[in-house]
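Just below is one structure, and these are the notes that go with it.
One is the number of the first residue; the rest follow in order along the sequence. The structure presented is a predicted model; accordingly, all values stated were derived computationally and were not measured.
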Amino acid sequence: MRMLKMTGYKQCVYFVIGCLVSTSITATIVNEKDVHIEGYFRWEHPSIASKFLFCMQCCKKLPFEKGSCFPVMYMNNNRDSAACCSTIKSKPFWEFRKYSYLKGDLFIEYNSLIGFAKIVSKNKYQLYDLEHHHGFLKEFPDNICNFPTIVRMDLSWNRIQFLPSLECLQSLDSLILSDNKIKRIDASSLASLSNLRQIDFSYNRIEYLEPGCFSYRPGSLLKIHLQYNNIKSIDISDLILKHYFDFIKIFNNDLRTITNLKNNTGFVNGSIGGGLIQMMNNSFTNLPMYNTLGFSADDALKIVFRYTIDVLYNKWICDCKMWDGYLVMASQAMDQYYTLGMPKCVYPPHLKGYSLGYFRMKNHTADLLICNITEKEKCPVRCNCFDQPSKNRVVVNCTSQLYISMPHVVPDLSGLDIDLRHNKITFFQKHEYLERTISINLSFNFIVNVDPTIYRIQNILFTDLRNNQIQTLHRELLLRDPCAIGFGKITVKCTCDMIWIKLWLHKQHAVNCSYNQITCETHESFVNAALVSKSDLCEDQDIERSFMSYVLLGVTIISVAIGTFLCSQFKYEILILFRKLRCKRQIGISFHYRSGNNELVQMDDKTISYDAYLSFDENNEIIRKWIVEDLIKHLESKGYKLCLPCRDFDAGMIREEEIRGVISKCKSFIVLLSDEYLEDHFANLEWKLIWNNYKYDRSKRIAIINYDIMESGYVKQRNMKAFLRLGYAMDFSNTDHQLMQEIVHKLGQPVDLQKY
């Protein structure tokens with residue numbers, strides 16, 4: 001009994017001494033910060049709130065410096081070496097023997113058999129450790145806030161279902177709740193615990209993590225255990241923590257997606273931190289797209305070089321979704337952390353076992369990364385469709401499927417590569433999806449006719465029409481490059497107005513491509529279209545020949561009838577030649593100097609409103625489109641003011657009066673000569689007025705463009721025919737691509753309209 005009293009007395013003395021020492025140490029720790037541990041330094045970092053952590057001195061050395069304890073896995077120059085090392089090596093001062101006496105144990109005392117309990121303490125300490133394993137706690141003890149200096153709480157192997165707010169435990173450093181029945185974690189549960197360094201929620205039933213559970217600042221989270229739960233999704237804000245940490249273990253869950261529910265975009269800044277994120281053995285099938293997570297491509301690259309992400313043993317589908325940037329970024333990052341190994345494909349079966357690095361190192365194998373497109377996604381029946389981003393195309397393969405017409409529906413994607421070889425299609429019809437097509441193969445079909453509007457589609461880089469039954473070609477073919485379409489060997493019936501086919505084929509030979517070998521069936525024989533002449537195509541050439549005979553006759557009888565013949569038959573040619581050859585002007589007429597061609601141009605006192613008047617067949621859509629989109633844009637960019645009747649005439653006015661009034665105020669005239677132009681009422685009126693102004697005003701000019709490559713013999717208007725005979729009309733199918741320059745030369749420099 002005496003001995004017991006003595007023992008109790010000693011304990012009481014020791015307790016009093018301990019309290020005094022504890023009070024002294026507390027004052028020192030909180031106010032003076034003079035805790036010293038040999039071989040360690042107090043670790044404080046701008047991103048860490050805790051002031052209680054100490055780290056080994058070797059962490060201050062560079063990663064490759066002798067005596068460094070920097071982990072091999074993190075030897076990357078992009079990291080703050082000391083900070084990264086300290087996240088792994090640091091621990092609070094009370095875990096050192098020198099200060100372990102400051103911490104004492106707390107105990108659980110059950111209030112009922114259904115899992116309710118309270119905390120009891122046998123002694124009073126500055127800091128507390130609550131550890132209770134293999135119990136049947138259903139919830140946290142109701143008096144836990146009576147012990148605000150708990151620094152470590154381990155309640156593993158219990159039945160806790162709900163994680164409450166632990167705001168009262170401001171000193172909490174470690175929270176271990178593994179092997180419980182927790183189903184969700186709310187951001188408010190941990191947000192106020194700025195000193196919390198490690199949490200362990202492994203082996204629970206967690207299905208939901210509220211965004212922002214671990215990314216709150218200021219904070220000190222360095223070690224996060226979430227393995228072996230039922231988590232299907234995690235927010236990017238709980239992975240990119242913007243400070244250095246040891247690890248986030250979230251392997252062996254059911255992870256399928258990474259989200260950005262708060263649409264955050266500021267993850268990457270001057271200090272994005274870094275650490276190990278272990279997501280092995282989950283249900284990932286595709287890497288998430290960085291742009292959906294709030295990153296740019298540069299941001300994503302920075303992250304993969306700072307954050308070591310282990311994604312081995314997932315259900316990776318190696319398809320087109322893996323191509324977009326991540327293929328290179330992910331594999332390059334994994335080269336930095338070779339200890340992790342490369343993720344391997346699980347699907348599709350023919351790529352099972354292939355690693356991501358294989359596709360990066362062997363570029364041609366990236367063509368294997370495709371996404372199949374189903375009928376629900378508008379793949380035509382019996383066709384094979386897939387997206388192949390390595391070649392920037394979407395393949396629609398319908399070969400040998402007995403199609404008798406073009407498919408009406410194809411995938412709603414761009415870059416279509418359509419293969420319709422070996423079918424029974426008879427008509428190449430235009431569809432909306434051709435505007436999204438880059439290549440189409442219709443070889444080995446029974447196509448007789450082609451919708452001419454297809455030739456206007458410039459996005460199609462190549463159209464293969466070889467081995468069909470095409471017998472006619474449309475003039476709109478001039479809009480296509482001969483090397484962008486292949487007819488193969490075909491024979492077509494060539495008419496008198498198809499001399500353009502020769503010019504079109506000449507473009508093909510100029511660039512050395514040979515997709516087209518066209519034979520013209522004429523009225524007499526079969527002629528290579530590249531060598532065909534006007535005489536081969538047209539039976540009646542008497543008018544043109546008569547012109548030459550007139551010239552020869554004029555030479556032989558020039559001494560007798562030259563005056564009469566020339567004046568009656570070639571009076572317009574003589575007038576035009578006289579205007580062209582005249583190089584001097586009469587004295588006394590005002591001049592306006594043009595620096596462009598050093599020519600003196602006569603200007604009378606009439607009002608000049610336009611540099612040029614455009615006269616053409618307005619009903620021809622192709623001509624109108626070329627004038628509006630090409631000719632006018634080019635000339636107006638050079639400073640010309642142009643009169644386009646369909647654009648500049650006032651609505652409701654009498655057309656004839658408008659034409660008369662405007663033509664008299666134009667400096668020059670551009671006439672686009674076509675078959676329909678010669679038959680149009682307004683065109684004939686315009687030409688008569690243009691000629692009269694040209695004839696009586698020497699300062700005015702006419703530029704004629706021969707659109708239909710017409711011979712002079714087919715033009716009834718003698719004054720217009722004169723331009724063709726003298727070769728003063730420009731050929732629209734200009735093979736040397738100098739048409740615009742010729743037009744500018746014929747018009748002369750723009751008039752300074754401000755002087756009129």
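- Distance alone, capped at 3.5 Å, is enough to place a donor-acceptor pair between the Gln170 side chain and the Ser192 backbone.
- More than 12 heavy atoms of other residues, nucleotides or ligands lie within 6.0 Å of NZ in Lys103, so this atom counts as buried by the packing criterion.
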Criterion ring pair (Phe, Tyr, Trp, His ring centres under 6.0 Å) on Phe140 and Phe162, from CA distance to verdict: CA-CA 9 Å; Phe140 280 69; Phe162 176 68; 8.9 Å; no
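- A cation-pi geometry, defined here as NZ or CZ lying under 6.0 Å from the six-membered ring centre and within 45° of its normal, holds between Lys60 and Phe41.
- Phe107 carries Lys122 over the face of its six-membered ring, with the cationic atom under 6.0 Å from the centre and within 45° of the normal.
- At distances below 3.5 Å, not a single donor-acceptor pair connects side-chain atoms of Ser189 with backbone N or O atoms of Ile185.
- Both the sub-6.0 Å distance and the 45° axial angle are satisfied by Lys249 relative to the ring of Phe247.
- Scanning both residues, Phe201 and Leu177, for their nearest heavy atoms gives CE2-CD1, 3.5 Å.
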Stepwise disulfide (SG to SG under 2.5 Å) check, Cys59 with Cys69: CA-CA 6 Å; Cys59 280; Cys69 53; 3.6 Å; no
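- Annotation: Tyr313 is not in aromatic contact with Phe251 [ring centroid separation under 6.0 Å not met].
- Between the side chain of Asn229 and the backbone N or O of Asn253, no donor-acceptor pair lies under 3.5 Å.
- For the pair Asn260 (side chain) and Asn263 (backbone), a donor-acceptor distance under 3.5 Å is present.
- Considering Gln198, Lys223, Arg152 in turn, Gln198 is the only one that fulfils the side chain to side chain donor-acceptor pair (under 3.5 Å) rule with Ser174.
- In this pair, Phe93 and Tyr99 present their aromatic rings perpendicular. The plane angle is above 60°, beyond the 30 to 60° band.
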Audit row: Cys85, Cys55, disulfide (SG to SG under 2.5 Å) steps and yes/no: CA-CA 9 Å; Cys85 180; Cys55 188; 5.1 Å; no
From CA spacing to verdict: side chain to side chain contact (heavy atoms under 4.5 Å, CB included), His132, Leu137: CA-CA 9 Å; His132 180 67; Leu137 276 177; 3.9 Å; yes
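- Leu190 has its side chain within reach of Leu175: a pair of non-hydrogen atoms, C-beta onward, lies under 4.5 Å apart.
- Under the 30°/60° scheme for interplanar angles, the aromatic rings of Tyr125 and Tyr128 are found to stand perpendicular.
- Judged as a salt bridge (Lys or Arg N to Asp or Glu O under 4.0 Å), and not counting sequence neighbours, the contacts of Glu109 are Lys118.
- A side-chain donor-acceptor contact under 3.5 Å links Asn204 to the backbone of Ile182.
- Outside the 6.0 Å centre-distance limit, the rings of Tyr203 and His225 are not counted as a close aromatic pair.
- With Phe96 as the aromatic partner, Lys91 meets the cation-pi criteria of under 6.0 angstrom to the ring centre and within 45 degrees of the ring axis.
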Ile231 and Ile250: CA distance, side-chain angles, deciding distance, side chain to side chain contact (heavy atoms under 4.5 Å, CB included) verdict: CA-CA 8 Å; Ile231 303 171; Ile250 194 170; 4.2 Å; yes
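- Between the side chain of Asn282 and the main chain of Met280, a donor-acceptor pair closer than 3.5 Å is present.
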Chi angles and distances behind the side chain to side chain donor-acceptor pair (under 3.5 Å) call for Ser220, Asn195: CA-CA 5 Å; Ser220 304; Asn195 290 309; 4.7 Å; no
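- Between Glu207 and Lys232, none of the side-chain N atoms (NZ, or NE/NH1/NH2) sits under 4.0 Å from a carboxylate O, so this pair counts as no salt bridge.
- In this structure, CD1 on Ile199 lies 4.0 Å from CZ on Phe214, to the nearest 0.5 angstrom.
- The number of heavy-atom neighbours closer than 6.0 Å to CD of Glu210, taken from other residues, nucleotides and ligands shown, is above 12.
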